[in-house]
2 protein chains.
Amino acid sequence: MTGQRRAILRVMETATKHLDAAQLLRKAQKLDASVDRSTVYRTLKLLKRQGLIDELDLMHIHGEGHYYERKLNRDHIHMACLRCGKIMEFVSDIFEKLKGQVEKDCRFRIVVSRLEIGGYCSACSK
Amino acid sequence: MTGQRRAILRVMETATKHLDAAQLLRKAQKLDASVDRSTVYRTLKLLKRQGLIDELDLMHIHGEGHYYERKLNRDHIHMACLRCGKIMEFVSDIFEKLKGQVEKDCRFRIVVSRLEIGGYCSACSK
DNA sequence: TTACGTGCAAAAAATTTGCAGTTTC
DNA sequence: GAAACTGCAAATTTTTTGCACGTAA
């Protein structure tokens with residue numbers, strides 16, 4: 001556990017929205033100016049492998065990069081408005097049921113799952 | 001409608017598995033040697049916007065690129081085995097129900113949705 | 001004809017790697 | 001002290017863009 005990793009983890013823990021690698025780098029450098037881009041990528045890969053964070057695309061509304069958020073107890077769906085760009089989250093029992101069905105019907109042991117939906121939010125579909 | 005686009009479309013239509021941009025380029029060039037990488041990307045963007053193809057990550061099992069498949073009537077889930085790399089598809093009524101719930105409960109008009117699951121297939125979890 | 005599509009080459013964006021030196025435990 | 005981690009710079013990988021030319025309708 002190094003100072004650089006501590007800074008990156010701190011940023012992930014306190015983030016209020018989904019961050020991409022570049023944003024994460026900038027924020028981590030405010031806590032420890034020595035943090036390098038490659039350390040960010042290396043740490044993200046590590047956290048991903050440990051299952052501590054989730055990687056998102058958010059429907060690539062901005063660019064081709066990835067976004068990250070820490071994994072919480074409860075999985076959630078991400079919805080991205082194709083017009084205003086707003087990202088919404090939604091927890092659903094039906095989603096849990098669906099995953100249960102996949103595990104059972106396909107005999108597939110789920111490690112990670114990602115449901116992203118693109119469309120128009122209530123404000124934008126008026 | 002140009003010869004290049006025809007070649008790209010033909011490849012998409014006859015593909016038996018998910019192709020990334022580089023594979024699509026190679027296959028399209030076998031039909032029309034003049035097809036350029038940028039035309040592939042431009043055509044993919046077009047087809048994506050028209051809702052004729054879906055873009056997938058397949059959990060980034062190989063590299064950071066995207067995969068493409070033509071959109072069929074019925075949406076399906078993609079499962080990627082983290083050990084053997086096999087990609088499986090699964091159609092589920094519960095998935096349809098989940099999307100209905102999102103549209104209703106969140107007043108969100110769904111245009112495109114993508115559910116990807118990473119884990120271990122039946123053969124690999126033995 | 002004329003708007004749209006194309007190849008080419010170069011740039012941009014996103015991520016990874018080799019390496020020599022540092023830090024953690 | 002050994003193993004793991006780091007910054008740096010350069011390389012890869014993936015996608016996009018500008019531009020002059022070509023082609024479908």
Side-chain angles (χ1 to χ4, degrees), chain A residues 1-12 15 18-50 52-69 80 85 114 116 118, chain B residues 1-12 15 17-50 52-69 80 85 112 114 116 118:
Chain A
M1 177 55 63
T2 64
Q4 291 91 334
R5 281 196 186 166
R6 234 187 308 277
I8 293 168
L9 288 173
R10 176 63 57 93
V11 173
M12 288 291 323
H18 310 99
L19 302 173
D20 64 18
Q23 295 168 322
L24 186 49
L25 172 63
R26 250 181 294 119
K27 283 176 184 280
Q29 284 180 331
K30 284 186 190 161
L31 301 182
D32 178 341
S34 80
V35 176
D36 187 73
R37 189 187 316 280
S38 32
T39 300
V40 168
Y41 280 108
R42 287 192 270 236
T43 304
L44 284 174
K45 185 174 282 184
L46 204 73
L47 295 172
K48 226 182 338 177
R49 260 207 272 278
Q50 308 289 321
L52 297 174
I53 60 171
D54 274 328
E55 184 176 65
L56 312 170
D57 285 357
L58 301 182
M59 289 328 253
H60 294 302
I61 282 196
H62 316 100
E64 295 296 315
H66 297 121
Y67 295 84
Y68 301 90
E69 72 179 2
R114 204 169 75 199
E116 300 194 355
Chain B
M1 178 55 63
T2 65
Q4 291 91 335
R5 281 195 187 164
R6 236 187 308 276
I8 293 168
L9 288 172
R10 176 63 57 93
V11 174
M12 289 289 326
K17 61 186 195 86
H18 309 99
L19 302 173
D20 65 18
Q23 294 168 323
L24 186 49
L25 171 64
R26 248 182 294 119
K27 284 176 183 281
Q29 284 179 332
K30 284 186 188 158
L31 301 182
D32 177 342
S34 79
V35 175
D36 187 73
R37 188 188 312 284
S38 31
T39 300
V40 169
Y41 280 108
R42 287 191 270 235
T43 304
L44 284 174
K45 187 175 283 186
L46 204 72
L47 295 172
K48 227 183 338 179
R49 259 206 272 277
Q50 309 288 323
L52 296 173
I53 60 172
D54 273 328
E55 184 175 65
L56 311 170
D57 285 357
L58 301 182
M59 288 330 254
H60 293 301
I61 281 195
H62 316 101
E64 295 297 315
H66 296 121
Y67 295 84
Y68 301 89
E69 73 178 0
V112 55
R114 204 168 77 202
E116 299 195 354

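Everything numeric here is computed off the predicted structure, so don't read it as measured data.
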Full working for side chain to side chain contact (heavy atoms under 4.5 Å, CB included) between A/His60 and B/Lys48: CA-CA 12 Å; A/His60 294 302; B/Lys48 227 183 338 179; over 6 Å; no

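Partners of A/Leu46 under the side chain to side chain contact (heavy atoms under 4.5 Å, CB included) rule, at least two apart in sequence or in another chain, are A/Arg5. Evaluation of the side-chain hydrogen bond (donor to acceptor under 3.5 Å, both in side chains) rule for A/Glu64 yields B/His66 as partners, not counting sequence neighbours. Residues satisfying the ring-ring contact (aromatic ring centres under 6.0 Å, His included) test with B/His18, not counting sequence neighbours, are B/His78. With sequence neighbours excluded, the residues satisfying salt bridge (charged side-chain N to carboxylate O under 4.0 Å, His left out) with B/Asp57 are A/Arg114, B/Arg114. B/Arg42 is linked by a side chain to side chain contact (heavy atoms under 4.5 Å, CB included) to B/Ser38, counting only residues two or more places apart in sequence or in another chain. Take B/Lys27 and apply the salt bridge (charged side-chain N to carboxylate O under 4.0 Å, His left out) test, not counting sequence neighbours, and it matches no residue. A search for side-chain hydrogen bond (donor to acceptor under 3.5 Å, both in side chains) contacts involving B/Tyr68 returns B/Glu55, not counting sequence neighbours.
Non-hydrogen atoms lying under 4.0 Å from DNA chain C are contributed by B/Ser34, B/Val35, all within residues 28-35 of chain B.
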Nucleotide N/O of nucleotides 16-25 of chain D paired with protein N/O under 3.5 Å:
residue	atom	partner	partner atom	Å
D/dA24	O3'	B/Met1	O	3.4

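Among residue pairs with one or both ends in residues 28-37 of chain A, none qualify as salt bridge (Lys or Arg N to Asp or Glu O under 4.0 Å); sequence neighbours excluded.
B/Arg10 places none of its side-chain heavy atoms less than 4.5 Å from the side chain of B/Arg6. Proximity of B/Leu9 to B/Met1: side-chain heavy atoms (C-beta onward) are separated by under 4.5 Å at one or more points.
Checking side-chain atoms of B/Gln29 against main-chain N and O of B/Arg26 turns up no donor-acceptor pair under 3.5 Å.
Across the helix from C/dT1-D/dA25 to C/dC25-D/dG1, the helix axis at one end is tilted relative to the axis at the other end by 40° (nearest 10 degrees, each axis from five pairs).
Rounding to whole angstrom units, CD of residue A/Gln4 and P of D/dA4 are separated by 17 Å.
Of the residues listed (B/Thr43, B/Leu24, B/Thr2, B/Ile8), the one engaging B/Val35 in a side-chain contact (heavy atoms from CB on, under 4.5 Å) is B/Ile8, and it is the only one.
When heavy atoms are screened at a 4.0 angstrom cut-off, B/Ala21 is found touching the sugar-phosphate backbone but no base atom.
Residue A/His60 has no polar side-chain atom (N or O) positioned under 4.0 Å from OP1 or OP2 of D/dT15.
For DNA chain C, the span of nucleotides reached by chain B at under 4.0 Å from its heavy atoms goes, 5' to 3', from C/dG5 to C/dT16.
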